[in-house]
There are 6 protein chains.
Amino acid sequence: MKIGARNQIIGTVKDIKKGAIMCQVKLEIPASQMSSVMTTDSLVEMGLKEGDKVQVVVKAIHVLLIKD
Amino acid sequence: MKIGARNQIIGTVKDIKKGAIMCQVKLEIPASQMSSVMTTDSLVEMGLKEGDKVQVVVKAIHVLLIKD
Amino acid sequence: MKIGARNQIIGTVKDIKKGAIMCQVKLEIPASQMSSVMTTDSLVEMGLKEGDKVQVVVKAIHVLLIKD
Amino acid sequence: MKIGARNQIIGTVKDIKKGAIMCQVKLEIPASQMSSVMTTDSLVEMGLKEGDKVQVVVKAIHVLLIKD
Amino acid sequence: MKIGARNQIIGTVKDIKKGAIMCQVKLEIPASQMSSVMTTDSLVEMGLKEGDKVQVVVKAIHVLLIKD
Amino acid sequence: MKIGARNQIIGTVKDIKKGAIMCQVKLEIPASQMSSVMTTDSLVEMGLKEGDKVQVVVKAIHVLLIKD
């Protein structure tokens, strides 16, 4: 499988906070942490649960850089 | 400074590919790599160059998860 | 601090509507108004409250133009 | 016409920088400035030119807040 | 009306799931289905209801391609 | 493979316009057309070419609705 995005990191699901419409998934990636927000429908369809290995995908255009 | 985004990772600029309108910045983050695309205007105004330390910021809503 | 985004406007927080996962922040900018949606986690970590001065940041790629 | 986005500001096109794939449009909004990046195809189909009045539309989820 | 986005498909609202902050709208497009998430404020202001014809607009930069 | 996005349509690559930094891919989906913009690096790594079948993925949050 080839994904058209520059940022693809393997992560592990650490925590899921589920709301009626949206949910938030906390991820552990090597040496850091990330979070994803998606619809609860997508979460349920994926059958995502704590401990799952996932690909964390971000298009480069969505990455903002800040320099002190 | 407080940033309203779930994903904030410290990175180092490794490479810059500059086009007329857009440019692409390759970043080293702990144990992985990321890329950012921004306007060349923003790049120039930031004075971004190889070796710079930056904050790599991504709103959680832009993070897509894929599970095999 | 230098931010790699074309759109950076100073605004004032006018109203915060907080949900379990997501929240909505209404902002006053010079001569107009804007809104931001973020995770409630980010809101809490920022300690954002009415009257706060903030930078309202939007990457140019997220701006859609419509002409009548 | 009703647009499903929280941020809708009337602006005037000030400058267009056209590349082969992407282009950048500078806009004047009341008391501030903004920029939009879109495909050059979209620009040409819109027939966008300096002086045009446009609606500048941003979904609230794409707005990032930063507090000093 | 001219919209500065590559993807503009006519759709019909099939279902609306409304939360306090965000809501999810299911759409029928020719030969397929789509979903949109927006603020409930935007939904209410649009007066969106089942059966409404809408334009489904996505900037090309938000479209991710995956190849097996 | 499970993808955490509401919008997943099978499409066929119709045309690729390649720039130095970014490229634009035109897609045929059932009864309509779409376009994607990505980095040329991603395009090359995917080995994407005309005629390829791809999954066209869009998070629901990026979908804007407009009603006349």
Side-chain angles (χ1 to χ4, degrees), chain A, chain B:
Chain A
M1 184 190 63
K2 304 212 176 262
I3 302 169
R6 287 293 71 205
N7 301 297
Q8 305 177 26
I9 301 173
I10 299 296
T12 306
V13 175
K14 273 318 185 196
D15 186 61
I16 297 173
K17 203 161 57 167
K18 215 191 291 194
I21 312 280
M22 304 302 283
C23 65
Q24 187 178 345
V25 180
K26 292 191 188 169
L27 303 147
E28 207 169 70
I29 62 167
S32 191
Q33 275 145 19
M34 289 189 76
S35 282
S36 169
V37 165
M38 68 178 83
T39 61
T40 302
D41 278 5
S42 282
L43 182 91
V44 169
E45 253 178 44
M46 290 181 81
L48 209 65
K49 58 186 189 305
E50 279 183 40
D52 278 356
K53 295 272 176 231
V54 289
Q55 272 211 293
V56 183
V57 177
V58 182
K59 290 195 73 168
I61 201 73
H62 291 140
V63 177
L64 175 73
L65 302 185
I66 298 179
K67 193 175 92 164
D68 279 325
Chain B
M1 184 189 62
K2 303 210 178 264
I3 302 168
R6 289 291 74 204
N7 300 297
Q8 305 177 26
I9 301 173
I10 300 296
T12 307
V13 175
K14 273 319 186 194
D15 186 62
I16 297 174
K17 203 162 55 168
K18 215 191 292 193
I21 311 282
M22 305 301 283
C23 65
Q24 187 178 345
V25 180
K26 293 191 189 170
L27 303 147
E28 206 168 71
I29 62 168
S32 191
Q33 275 144 17
M34 289 189 75
S35 282
S36 169
V37 165
M38 68 178 83
T39 59
T40 301
D41 278 4
S42 282
L43 182 91
V44 169
E45 254 178 42
M46 291 180 79
L48 209 65
K49 59 185 188 306
E50 280 183 40
D52 278 356
K53 295 272 177 230
V54 289
Q55 271 212 292
V56 184
V57 177
V58 182
K59 290 195 73 169
I61 202 75
H62 289 138
V63 177
L64 174 74
L65 302 184
I66 298 179
K67 193 174 90 165
D68 280 324

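Just so we're on the same page: letters track the sequence lines, and every chain starts at 1.
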Given that the side chain runs from C-beta out, which part of [X] has a heavy atom under 4.5 Å from chain A: side chain, backbone, both or neither?
{"X": "B:Ser32", "answer": "side chain"}
{"X": "B:Val13", "answer": "neither"}
{"X": "B:Gln24", "answer": "side chain"}
{"X": "B:Lys53", "answer": "backbone"}

Legend entry - Interchain contact, A:Leu48 with chain B, by part (heavy-atom threshold 4.5 Å):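 Contact with chain B is through both the backbone and side chain of A:Leu48.
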Inset, instruction - Measure from the side-chain N and O atoms of B:Ser36 to the backbone N and O of A:Leu65, and report whether any donor-acceptor pair falls under 3.5 Å. - result: no
Inset, instruction - Look only at the side chain of B:Glu50 and the backbone of B:Ile16, and say whether a donor-acceptor pair between them is shorter than 3.5 Å. - result: no
Inset, instruction - Give a yes or no on whether A:Lys2 atom NZ has more than 12 heavy-atom contacts from other residues, nucleotides or ligands under 6.0 Å away. - result: no
Inset, instruction - Return the option, out of A:Val58, A:Asp68, A:Val25, with the maximum number of heavy-atom pairs under 4.5 Å with chain B. - result: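 Most pairs with chain B among the choices: A:Val58.
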Legend entry - Atom of A:Met46, atom of B:Lys67 and distance for their closest heavy-atom approach: O-NZ, 3.1 Å
Inset, instruction - Output the distance between atom OG1 (B:Thr39) and atom CD1 (B:Ile21), rounded to the nearest 0.5 Å. - result: 9.5 Å
